[in-house]
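It should be emphasised that the depicted structure is a prediction, and the values quoted were computed from it without experimental measurement. Quick note on labels: first sequence line is chain A, next is B, and so on, each numbered from 1.
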Number of protein chains: 2
Amino acid sequence: MIEQQAARPAEGAETVSGKMRDALRAAHLYYMQDLTMDAIAHELHTSRSSVSRLLSHARASGLVEISIHSPLDLPSRIEHEILERFEVGAHVIPVPDHASDVDRLDRVALSAARILGRFIDSNQTIGVAWGSTMSAMSRHLVPKATHNSEVVQLNGAGNGRTTGIVYASELLRRFGDAFGARVQQFPVPAFFDDPETRRAFWRERSTRRLLEVQAGMDVALFGVGSPFAEVPSHVYQGGYLERADYEALSRDGAVGDVATVFYRADGSTDGIALNERATGPDFAVLRRAPRRVCVVSGRAKLASLRGALAAGLITDLIVDEGTARALVESPGDGE
Amino acid sequence: MIEQQAARPAEGAETVSGKMRDALRAAHLYYMQDLTMDAIAHELHTSRSSVSRLLSHARASGLVEISIHSPLDLPSRIEHEILERFEVGAHVIPVPDHASDVDRLDRVALSAARILGRFIDSNQTIGVAWGSTMSAMSRHLVPKATHNSEVVQLNGAGNGRTTGIVYASELLRRFGDAFGARVQQFPVPAFFDDPETRRAFWRERSTRRLLEVQAGMDVALFGVGSPFAEVPSHVYQGGYLERADYEALSRDGAVGDVATVFYRADGSTDGIALNERATGPDFAVLRRAPRRVCVVSGRAKLASLRGALAAGLITDLIVDEGTARALVESPGDGE
DNA sequence: AAGCCGGGTGAACAAACGTGCAAGGATGGC
DNA sequence: GCCATCCTTGCACGTTTGTTCACCCGGCTT
């Protein structure tokens, strides 16, 4: 069963609109007039609990937007430095150094999901990679109404029930729902076993149509993989790659991947054998997107991140504080 | 002692910036990452109470901005109707009908203060009237950093210690502080006793300089007075006007005033004797400001509001719901 | 018609939050 | 150098808020 509709049509529009109206009014009273939920419940002739739920709904559905402006004379030191050094807009997410890697990922993903709205607009094609970072983000997206947008899957995927990572179809659907966008699935494995199969598949009309959509992306959204870090990206756990593949990658000098396409520390990809079997877009295609948002969490991904920056894949970076700090320190440092 | 500085200079900039930095970080953690204040206190090595205060500070000082977007397919019915009928951008503030007039004013003023930031920008001259509405607003302004702005008093004032209304100097200072703007006081009474005195005063060089500043306003901010309503505006309580003045106003057909200048239901002002002694700007001058924001609360002011609209004084209206509803109903209805 | 189901409601409880208060520390005047 | 003063801090309390649970109500199935 393919789930692929945009924002669902008016079903009981009466009720829906009524709820929306209430939520809106509650939000006004709560956030603009500082009334207590009790008082609001009274004005709305309902219970306090319902008001609490109404407000949660208002926040989760983007009726209420909370933004944080750092005063212009105090622009985050690190963000500014990243902009200078890498020509990339940075959002640094504060996370304590002692946080666990899962905490860190969750917190970065949550913040990223809330920031994301700024990059999305109507009439856009949004490319979304498949991986643990995107999966975590998908759980917290704040809806934003757009017209005529389209979400397109950038790389193939297996299912990752094992680790809380979500079916690609589910992930894409969440993005599509949040922005009222059509969804273009890409039903292929993360890696083909045989390069020839991939080439054949790429000649298919349906595949070519999808690749054209990818090529017309306005926004690309992805994380980075780091195959040789202590905590390898999920793509490497799920058995997508064999030991031999790792050895080949190591021989080829790969330090990371974006949407299953690997690169070296200097950003080059030529001659990395595995890429012949990968399903993600060629970097030349990716770079055509004017906005390329990368979400990274954890110092383990530092080397991958450096490579992706060297490859010029990133225009906007959302990254946890520790990794950001490490990034701007001397490039030679290990972990 | 005249209080007239812009945002105070760096005093203990070290500490201030440190506090700001903490507030910013706390806001990120609280509003973007949904941490509890307890957790934030731990990360910041301080107590939970301090975090609570830090967050209050962050909100009050505009570091955190909370805005409410009604979905575009559900634009407030009334606001749209006001736009159609009067060609005026409206913000309708929900307030229950049974609220007292003071409650109503407070709530409208609070909301208005939080909306105000949208109208203010750098390099602007902001004209501010003196009255109970502006006084209530001044208590809740959300700071917004601007450069080279100027706040100028539109009309003279007595002091209103009696009813919680605040000295004009204090009121102006609050606006100036909130936007980091220079402040131009206008130290005259609300009404002169003798028209001749006014004319003489108007010939003074210092007065003419101030009038020129007023004439160059980018934004004007004012309420409306309604001299014949049950609950008369403070200007009429403080003994600024005599019984004879009211009778004259009544004879002249005045229904309201903006910054001490009176008008009739059709918006005309010619031949209203009292205006010869008023200190507010001529409407021709006022209308030169491209943005003219009017804050109104209470149906008692409905007739005044209609007059001000007829006079074309308003480009943006902030008004409570009950009054807004009354406004768009048949114009003939009384209260 | 009876019965299941999903979504919504209010009561009750536990968690999270704001604020008055007293103590501690810094600041500026003399 | 000392004191008066102001600002900040953490605690304790009372209030406000999120969430669980049992329940109800309308729609749809068998």
Side-chain angles (χ1 to χ4, degrees), chain A residues 1 3 5 7-61 63-64 66 106-107 110 114 139-140 142-143 177, chain B residues 1 3 5 7-61 63-64 66 68 106-107 110 114 139-140 142 177:
Chain A
M1 178 192 307
E3 330 170 48
Q5 80 279 25
R8 64 207 52 176
E11 34 140 326
E14 195 69 18
T15 322
V16 164
S17 154
K19 178 177 179 176
M20 188 101 97
R21 207 175 288 278
D22 277 358
L24 216 48
R25 176 171 268 256
H28 266 287
L29 297 174
Y30 191 77
Y31 289 108
M32 297 282 112
Q33 295 185 27
D34 289 350
L35 296 203
T36 130
M37 293 186 181
D38 234 344
I40 299 172
H42 197 257
E43 290 199 11
L44 261 55
H45 307 294
T46 179
S47 76
R48 203 182 46 71
S49 341
S50 297
V51 174
S52 172
R53 284 185 278 252
L54 229 36
L55 288 172
S56 300
H57 173 74
R59 282 183 305 250
S61 64
L63 258 55
V64 173
I66 302 183
D106 270 348
R107 290 173 61 168
L110 179 55
R114 292 182 171 175
R139 273 186 282 273
H140 304 290
V142 178
D177 280 2
Chain B
M1 180 193 307
E3 330 169 51
Q5 81 280 27
R8 63 208 54 175
E11 33 138 331
E14 194 69 15
T15 322
V16 164
S17 155
K19 176 178 180 179
M20 189 103 97
R21 206 175 290 277
D22 277 357
L24 217 47
R25 176 173 266 256
H28 266 284
L29 296 174
Y30 191 76
Y31 288 109
M32 298 283 112
Q33 295 185 27
D34 289 348
L35 296 203
T36 126
M37 294 188 182
D38 237 342
I40 298 172
H42 198 256
E43 292 200 11
L44 260 55
H45 307 295
T46 178
S47 77
R48 202 181 50 69
S49 346
S50 297
V51 174
S52 172
R53 285 185 275 253
L54 228 37
L55 288 171
S56 299
H57 173 73
R59 282 184 306 251
S61 64
L63 259 55
V64 173
I66 302 183
I68 298 178
D106 270 349
R107 290 172 61 168
L110 179 55
R114 291 182 171 175
R139 274 187 280 274
H140 304 290
V142 179
D177 281 1

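Between the CG atom of B:Asp38 and the OG atom of B:Ser52 there is a distance of 11.5 Å, given to the nearest 0.5 Å.
The existence of a salt bridge linking A:Arg114 and B:Asp34 is confirmed by a sub-4.0 Å separation between a basic side-chain nitrogen and an acidic carboxylate oxygen.
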Worksheet, complete the sentence: Protein-proximity profile, nucleotides 5-19 of chain D, B/S/- by nucleotide at the 4.0 Å heavy-atom cutoff, equals ----BBB-----BBB
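Rounding to whole angstrom units, CG of residue B:Leu54 and P of C:dC17 are separated by 14 Å.
Between B:Leu54 and B:Met37, the closest side-chain pair of non-hydrogen atoms is not below 4.5 Å.
Other residues, nucleotides and ligands contribute over 12 non-hydrogen atoms within 6.0 Å of the NE2 atom of A:His57.
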Review item, side-chain donor-acceptor pairs of residues 25-32 of chain B, under 3.5 Å, at least two apart:
from, atom 1, to, atom 2, distance (Å)
B:Arg25, NH2, A:Glu321, OE1, 2.4
B:Arg25, NH2, A:Glu321, OE2, 2.4
B:Tyr31, OH, B:Arg59, NH1, 2.8

